[in-house]
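Taking it in order: structure first as structure tokens, then the write-up.
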Amino acid sequence: MNPLHRQFPPDFVWGVATSSFQIEGAAHEDGKGESIWDRFCQQPGAIADASNGDVACDHYHRLDEDLDLIAALGVNCYRFSIAWPRVQPLGHGDFNPKGLDFYERLVDGLKRRGIQAFATLNHWDLPQGLQDRGGWNDRDTVHRFVDYARHVQARIGDRLDGLTTHNEPWVVAVLGHEQGNFAPGIKSRRIAAQVSHHLLLSHGLALQALRADGARSLLGIVLNLSSCMPATAMPADIAAARLADSRGRRWYTDPLFKGHYPDDVLAELGADAPVVQPGDMAAIAQPMDYLGVNYYTRSVLSASGEDWKAGERGLPVSDMGWEIYPQGLTDLLVLLHRDYPDLPPVYVTENGGAFKDDAVANGRVQDDDRTAYLRDHIAAVANAMQQGVPMAGYMVWSLMDNFEWASGYLKRFGIVHVDYATQARTPKASAEWYRQFLQDWRR
Ligand code: GBH
């Protein structure tokens with residue numbers, strides 16, 4: 001058998017990923033407006049350590065140092081997100097040129113270092129000014145997003161390699177508007193369904209507008225997907241797994257690739273199904289240049305509705321309590337290709353884990369569990385590729401420890417350790433492993 005690094009072609013894209021709210025800090029600088037996550041962090045009990053994104057990794061002020069850090073890993077791609085409220089403080093009305101100054105410096109710094117730039121327009125930090133008008137539940141936000149996307153492309157689009165509309169619309173819809181444990185903290189199944197439709201519609205309309213404006217980068221979307229498996233071979237468990245797959249995966253991929261919502265979820269939603277106007281579904285089904293897949297774990301479903309608690313069953317879990325199951329990534333990618341034979345090139349846009357072993361001792365972080373996680377999931381990508389899935393790239397979540405949303409700074413996903421008291425960055429053993437792996441691949 002070929003060594004792992006030999007199983008990837010020379011043009012494969014290897015990256016590390018971050019998002020604006022999780023690393024930038026500078027929450028009130030250079031004209032940045034408030035985001036729904038700035039507001040959500042003020043809600044008592046919303047964030048496990050009562051923290052916020054005011055400083056985070058102070059990346060906004062440490063851009064050059066962090067670019068050098070990325071370059072030292074030997075990756076050929078960096079995936080980051082653009083904070084909409086930096087670029088357009090209220091999400092409507094005036095743009096703030098200083099906001100895009102920062103991302104222009106970032107993109108130019110990547111280009112100088114020979115690294116591809118993959119930008120995400122919406123990694124959840126919606127301007128609060130739009131939430132005040134109804135947020136993603138309001139159809140007007142769709143058009144505000146298209147304006148913002150066009151503005152970003154006009155300014156830096158010529159230097160972007162990839163432009164992603166949304167990161168994980170399921171999370172925005174369900175965690176943000178149905179379960180309410182993410183911003184904006186709404187708890188309504190009906191609103192969540194409408195939000196998911198508006199996210200998809202804004203994706204499709206943005207793609208149309210960006211192409212009409214002469215897009216030079218690859219255009220796509222990033223979905224969080226898992227492979228859904230029944231807890232037993234009982235028909236009721238199999239049905240539960242199928243419905244979970246429809247809700248979490250096909251609710252997004254069927255509209256994107258087939259132009260319609262899955263019937264089983266529509267039936268389940270009943271009167272809570274989203275309002276869809278004529279032309280919406282055709283707009284959503286714009287051809288995409290790539291699909292981004294974020295994969296962390298599988299889901300095991302049973303008829304009782306309870307997801308199986310992996311930790312309690314003695315299965316290996318990360319510090320998030322998520323089961324470590326690399327085979328699920330292969331299964332998922334093969335399933336996507338089977339369901340949608342014309343699948344565009346697929347990038348794993350996030351994969352990684354939070355682990356507890358992250359203390360710095362003598363300048364080292366010996367995170368062998370993270371290294372094993374990455375190696376086994378990269379092998380899972382190779383397996384999918386051998387089965388014909390059009391894989392184009394893989395990006396580690398995350399470049400560095402950062403603000404892990406409702407978990408605050410308590411969970412560490414980085415391959416680079418961050419000491420929040422000093423902002424010192426220390427590459428972990430997993431970063432060294434990745435660097436060596438990429439060096440072997442390049443030879
Ligand atoms: C991504 O979200 C985000 O894009 C990124 O910003 C974030 O930091 C990173 O992952 C790590 O969380 O709830 O136990 O059933 C991932 C969100 C993670 C949501 C897996 C669904 C299922 C596990 N998804 N989760 S569980």
Side-chain angles (χ1 to χ4, degrees), residues 15-24 35 37 40 47-48 51 53 56-57 59 79-83 118 120-125 164-176 178-183 192 199 221-229 231 240-241 244-245 247-249 251-252 292-302 305-313 315-325 328-329 332 347-355 370 373 377 395-415 418:
V16 282
T18 62
S19 89
S20 49
F21 190 84
Q22 294 179 272
I23 66 166
E24 286 177 1
S35 80
W37 270 93
F40 187 67
I47 311 298
S51 64
C57 305
H59 170 70
R79 173 173 179 250
F80 61 97
S81 82
I82 296 175
F118 264 65
T120 300
L121 290 165
N122 170 31
H123 200 122
W124 310 349
D125 43 359
T164 295
T165 52
H166 300 296
N167 179 70
E168 304 188 341
W170 178 90
V171 169
V172 176
V174 175
L175 299 189
E178 184 169 343
Q179 299 180 13
N181 42 353
F182 277 17
L199 288 164
I221 195 168
V222 166
L223 305 176
N224 59 299
L225 302 175
S226 72
S227 59
C228 294
M229 303 179 50
D245 183 54
R247 287 184 191 143
R249 183 177 68 94
W251 182 256
Y252 299 90
V293 173
N294 295 350
Y295 176 86
Y296 289 91
T297 188
R298 68 167 168 175
S299 310
V300 180
L301 286 304
S302 65
E306 283 287 298
D307 285 19
W308 274 22
K309 296 272 173 284
E312 291 165 19
R313 296 186 55 247
L315 298 171
V317 294
S318 73
D319 194 23
M320 297 297 279
W322 302 344
E323 186 188 350
I324 300 169
Y325 192 72
L329 178 53
L332 169 69
Y347 295 73
V348 172
T349 34
E350 287 181 27
N351 175 244
F355 291 97
R370 182 175 288 101
Y373 183 103
H377 284 80
M395 305 174 200
V396 174
W397 185 271
S398 178
L399 165 65
M400 58 184 158
D401 297 334
N402 58 49
F403 177 79
E404 178 49 30
W405 306 111
S407 305
Y409 297 97
L410 300 178
K411 303 295 179 191
R412 294 176 175 270
F413 275 88
I415 59 172
V418 175

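Whatever order the structure lists them in is the order used to number ligands and atoms, beginning at 1.
- Ligand 1 is never approached by Lys411 to a heavy-atom distance shorter than 4.0 Å.
- Checked against a 6.0 Å centroid threshold, the rings of Phe403 and Tyr409 count as neighbours.
- Looking at Asn402 against ligand 1, nothing comes within 4.0 Å, counting heavy atoms.
- Near Phe413, the atoms of ligand 1 lying under 4.0 angstrom from a non-hydrogen atom of the residue are 11 (C), 12 (O).
- Taken to the nearest 0.5 Å, the CZ atom of Phe355 stands 7.0 Å off from the OH atom of Tyr373.
- Of the polar atoms of His123, at least one N or O is found under 3.5 Å from an N or O of ligand 1, judged by distance alone.
- Considering every non-hydrogen atom in both Tyr295 and Leu332, the closest pair reads CD1-CD2, 3.9 Å.
- Screening Ser20, Ser19, Ser35 against Asp125 for a side-chain hydrogen bond (donor to acceptor under 3.5 Å, both in side chains) leaves a single residue, Ser20.
- Closest of all the heavy-atom pairs between Ala231 and Val300 is CA-CG1, 3.6 Å.
- Polar contact check, Ser19 against ligand 1: no nitrogen or oxygen pair lies under 3.5 Å apart.
- Residue contacts with ligand 1: Trp322 is placed with a nitrogen or oxygen under 3.5 Å of a nitrogen or oxygen of the ligand (distance criterion only).
- Near Asn167, with a cut-off below 4.0 Å to any heavy atom, the atoms of ligand 1 are 4 (O).
- Scanning both residues, Cys57 and Gln22, for their nearest heavy atoms gives SG-O, 4.1 Å.
- Ring-centre distance between Phe182 and Trp124: below the 6.0 Å cut-off.
- For a threshold of 3.5 Å applied to N or O pairs, the pair formed by Trp405 and ligand 1 contains at least one separation below that value.
- Between Glu168 and ligand 1, at least one pair of N/O atoms sits closer than 3.5 Å.
- The shortest N or O to N or O distance between Glu350 and ligand 1 is under 3.5 Å.
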